[in-house]
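Down below is the structure, laid out as structure tokens.
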Amino acid sequence: QVQLVESGGGLVQAGGPLRLSCAASGRTFSGYVMGWFRQAPGKEREFVATITWSGSSTSYADSVKGRFTISRDNAKNTVYLQMNNLKPEDTAVYYCARAYGSSLYRDSGMYRDWGQGTQVTVSS
């Protein structure tokens with residue numbers, strides 16, 4: 001199975017940018033839909049963004065549309081989440097995952113492999 005490792009999290013002030021990376025090892029995920037999810041303390045994991053293998057199609061949660069951009073570099077086996085204009089409510093552990101199928105799934109149950117997460121904290 002592919003192993004996913006998220007990085008790039010940290011502490012940022014509201015309004016600032018942050019870029020998360022998800023690097024794959026074990027095998028390439030170039031042929032798979034990838035997604036980003038997040039989970040805040042005491043809350044359920046929620047969908048953030050997803051992208052097709054080619055990067056030609058993406059989907060975003062309403063709460064992050066216009067602020068976040070998901071992208072991927074298949075040659076580097078890496079998927080990214082560029083987060084701009086961060087808000088305190090964006091504070092969460094962010095996870096990347098590989099989907100079972102080929103659609104832009106928003107349900108976490110449709111994703112097969114998960115990273116360990118990276119903490120994003122947005123201060124006011």
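Nothing fancy with the numbering, it's 1 onward along the sequence.
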Quick one: does [X]'s side chain have a donor or acceptor within less than 3.5 Å of a partner on [Y]'s backbone?
{"X": "Arg106", "Y": "Thr50", "answer": "no"}
{"X": "Ser103", "Y": "Tyr105", "answer": "no"}
{"X": "Thr118", "Y": "Gly9", "answer": "yes"}

Inset, instruction - Output all residues satisfying salt bridge (charged side-chain N to carboxylate O under 4.0 Å, His left out) with Asp62, sequence neighbours left out; order by chain, then residue number. - result: Lys65
Would you say the side chain of [Y] lies within less than 4.5 Å of the side chain of [X], judging by non-hydrogen atoms?
{"X": "Leu11", "Y": "Ser123", "result": "yes"}
{"X": "Trp36", "Y": "Ile70", "result": "yes"}
{"X": "Pro17", "Y": "Gln82", "result": "yes"}
{"X": "Met34", "Y": "Trp53", "result": "no"}

Inset, instruction - Heavy atoms only: give me the nearest Ala24-Val2 pair and the separation to one decimal. - result: CB-CG2, 3.6 Å
Inset, instruction - Quick one: closest heavy-atom pair of Tyr94 and Asp90, and the distance? - result: OH-O, 2.6 Å
Legend entry - The single option from Asp73, Ile51, Leu20, Thr69 passing side chain to side chain contact (heavy atoms under 4.5 Å, CB included) against Tyr80: Asp73
Legend entry - Gln116 CD: over 12 foreign heavy atoms closer than 6.0 Å: no
Legend entry - Pairs touching residues 1-14 that satisfy salt bridge (charged side-chain N to carboxylate O under 4.0 Å, His left out), sequence neighbours left out: none
Inset, instruction - Please collect all disulfide bond (SG atoms under 2.5 Å apart) contacts where either partner lies in residues 53-124, sequence neighbours excluded, each pair once. - result: Cys22-Cys96
Inset, instruction - For the residue pair Phe37 and Tyr111, categorise the inter-ring angle as parallel (less than 30°), tilted (30 to 60°) or perpendicular (more than 60°). - result: perpendicular
Inset, instruction - For the pair Tyr95 and Trp114, name the ring-plane relationship: parallel under 30°, tilted 30 to 60°, perpendicular over 60°. - result: perpendicular
Inset, instruction - Quick one: list whatever passes side chain to side chain donor-acceptor pair (under 3.5 Å) with Ser124, sequence neighbours left out. - result: none
Legend entry - Set of residues satisfying side chain to side chain donor-acceptor pair (under 3.5 Å) with respect to Arg19, sequence neighbours excluded: none
Please tabulate, one pair per line, all N/O donor-acceptor pairs under 3.5 Å involving side-chain atoms of residues 41-49, not counting sequence neighbours.
residue, atom, partner, partner atom, Å
Glu46, OE2, Arg38, NE, 2.7
Glu46, OE2, Arg38, NH2, 3.3

Nearest 0.5 Å, please: how far is [atom2] in [Y] from [atom1] in [X]?
{"X": "Asn85", "Y": "Arg67", "atom1": "CG", "atom2": "CZ", "result": "6.0 Å"}
{"X": "Met83", "Y": "Phe68", "atom1": "CE", "atom2": "CZ", "result": "5.5 Å"}
{"X": "Leu104", "Y": "Ser57", "atom1": "CG", "atom2": "OG", "result": "6.0 Å"}

Inset, instruction - Show your working on side-chain contact (heavy atoms from CB on, under 4.5 Å) between Thr121 and Val12 and close with a plain yes or no. - result: CA-CA 6 Å; Thr121 302; Val12 63; over 6 Å; no
Inset, instruction - Return yes if a side-chain donor-acceptor contact under 3.5 Å exists between Arg72 and Thr78, otherwise no. - result: no
